[in-house]
Asker: 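First, the structure itself, so that you have it in front of you.
Note: hydrogens, waters and symmetry copies are ignored here, and every other heavy atom, side chains too, is used. Since this is a predicted model, take the numbers as computed values, not measurements. Numbering starts at 1 and runs along the sequence shown.
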Amino acid sequence: MSGPGAVVRGVRGREPLVHCLTAAVSMNLVADALLAAGARPMMTETLDEAPFVVRRADALLANLGTLSTDGRGGIPATVEVARELGVPWVLDPAAIGPSPVRVDLARQLLALGPSVVRANASEVLVLAGDSTGGRGADSTADPAEALAAARTIAARYGTVVAISGAQDVITDGRREVRVSNGHPLLTRVTGTGCTLGALTAACCSVASPLDAAVAATVWLGVVGERAARSCPRPGSFKVELVDQLFELDGDEVERGASVS
């Protein structure tokens, strides 16, 4: 399995259970998007519960977007269990930079070797120690500015780094794939980055980390382009995004892919 269409078909065929340790502000969109895409969501981050329920998961998303006291304890413990069981997992170091607590936790998790790091350019630079961060959850850097840092992170930790931006860049430290799909409205709806992290985790359950990251990026990008044609405003676009995730099959995603 390699192409985005095949990966989408693989997700729909397997219906993977994705354990999402994700931002409170985006949980509803992430859950709805996973269901529409053919996967199944599970969401709990407490230390008492999350390390146990992740044993049933096919993939894990660790997103630091609205880091809570529960998450500070529950996320590392849950990732440790996922590693022991060989469950693929995605690190989304959302909005790191301004918060020393979040930076320390993100680097601690990075050292545990995620399958994929999904982040914007500013977040990648913070992970590498080359910046103090962007503007909140928004990047102030271009993916090209973070490519050298992404290569270094990928090679050092044996992971794939997917940098989101106007043109997404995905690298395993040796190869780079550029994805030109997407639409500016994706930046006008809270949680689309978290949704991309969750889709990437779902794809990791059926494909290699590099193929999974490329497929998820293409998938959400093509869906965003399709949704924007009929719903050019953020509110209705959000609803249409979920509907298009439900509608588009693997062949349509493959035909819409803009990859180099």
Side-chain angles (χ1 to χ4, degrees), residues 1-16 18 20 22-23 25-41 59 61 63 90 92 94 116 118-120 137 143 162-170 177-207 210-260:
M1 181 177 300
S2 57
V7 177
V8 170
R9 287 189 288 274
V11 169
R12 294 199 189 282
R14 184 175 183 182
E15 298 182 348
V18 182
C20 298
T22 193
V25 71
S26 66
M27 291 177 75
N28 186 256
L29 177 60
V30 170
D32 285 348
L34 282 175
L35 286 168
R40 292 174 294 142
L61 167 66
N63 178 305
V90 174
D92 188 338
V116 177
R118 193 223 68 82
N120 65 38
I163 317 170
S164 57
Q167 183 186 60
D168 305 277
V169 181
I170 299 153
V177 179
R178 289 169 173 78
V179 177
S180 299
N181 294 107
H183 191 278
L185 276 175
L186 287 165
T187 66
R188 295 288 184 170
V189 174
T190 301
T192 54
C194 306
T195 298
L196 178 54
L199 285 177
T200 302
C203 292
C204 280
S205 73
V206 298
L210 183 64
D211 288 343
V214 172
T217 303
V218 169
W219 195 355
L220 189 65
V222 173
V223 163
E225 292 166 1
R226 182 79 71 94
R229 288 176 201 158
S230 54
C231 297
R233 294 181 174 82
S236 54
F237 174 80
K238 178 179 178 179
V239 175
E240 186 66 12
L241 193 72
V242 176
D243 285 349
Q244 290 295 334
L245 271 171
F246 178 77
E247 291 287 344
L248 260 66
D249 62 23
D251 291 342
E252 291 171 300
V253 172
E254 190 78 44
R255 286 195 295 271
S258 180
V259 176
S260 58

Asker: Restricting to non-hydrogen atoms, name the atom on Arg12 and the atom on Ala37 that form the minimum distance, rounded to 0.1 Å.
Answerer: NH1-O, 3.0 Å

Asker: Between Arg226 and Glu252, does the salt bridge (Lys or Arg N to Asp or Glu O under 4.0 Å) criterion hold? Intermediate values first, please.
Answerer: CA-CA 11 Å; Arg226 182 79 71 94; Glu252 291 171 300; 3.6 Å; yes

Asker: Quick check: does any side chain N or O of Thr200 sit under 3.5 Å from a backbone N or O of Ala216, one acting as donor and the other as acceptor?
Answerer: no

Asker: In Å, rounded to the nearest 0.5 Å, how long is the span from CG of Leu245 to CG of Leu34?
Answerer: 9.0 Å

Asker: To the nearest 0.5 Å, what is the distance between CD (Glu254) and CZ (Arg9)?
Answerer: 7.0 Å

Asker: Does a sphere of radius 6.0 Å around CZ in Arg188 hold more than 12 heavy atoms from other residues, nucleotides or ligands, not counting ones at 6.0 Å or beyond?
Answerer: no

Asker: State the CD-CZ distance between Glu240 and Arg233, to the nearest 0.5 angstrom.
Answerer: 14.5 Å

Asker: What is the distance from atom CG of Leu185 to atom CG of Leu241, rounded to the nearest 0.5 Å?
Answerer: 10.0 Å

Asker: So, for Thr192 and Leu29, which heavy atoms are closest and what is the spacing to 0.1 Å?
Answerer: N-CD2, 4.1 Å

Asker: Does Asn120 reach the main-chain N or O of Ser164 with its side chain, forming a donor-acceptor pair under 3.5 Å?
Answerer: no

Asker: When you measure from the side chain of Asn181 to the backbone of Glu225, do you find a donor-acceptor pair of N or O atoms at a distance under 3.5 Å?
Answerer: no

Asker: Compare every heavy atom of Ala215 with every heavy atom of Pro4, then report the nearest pair and how far apart it is.
Answerer: CA-CB, 3.8 Å

Asker: Atom OG1 in Thr190, atom CG in Asn28: separation rounded to 0.5 Å?
Answerer: 12.0 Å

Asker: State, with a plain yes or no, whether a side-chain heavy atom of Trp219 is found less than 4.5 Å away from one of Val223.
Answerer: yes

Asker: Looking only at heavy atoms, what is the nearest atom pair of Ala94 and Asn63, with distance?
Answerer: CB-OD1, 3.9 Å

Asker: Shortest non-hydrogen contact from Val222 to Ala257?
Answerer: CG2-N, 4.2 Å

Asker: Please round to the nearest 0.5 Å and tell me the distance separating atom CG of Asp168 and atom CZ of Arg178.
Answerer: 11.0 Å

Asker: Go through it in stages, so that I can follow the logic: the residues are Ser26 and Thr195, the test is side chain to side chain contact (heavy atoms under 4.5 Å, CB included), and I'd like the CA-CA distance, side-chain angles, deciding distance and then a yes or no.
Answerer: CA-CA 8 Å; Ser26 66; Thr195 298; over 6 Å; no

Asker: Keeping the roles fixed (side chain from Arg118, backbone from Ile163), state whether a donor-acceptor pair exists under 3.5 Å.
Answerer: no

Asker: Give the intermediate values and the outcome of side chain to side chain contact (heavy atoms under 4.5 Å, CB included) for residues Val239 and Cys231.
Answerer: CA-CA 9 Å; Val239 175; Cys231 297; over 6 Å; no

Asker: Of all heavy-atom pairs between Val189 and Pro234, which one has the smallest distance, and what is that distance?
Answerer: CG2-O, 3.7 Å

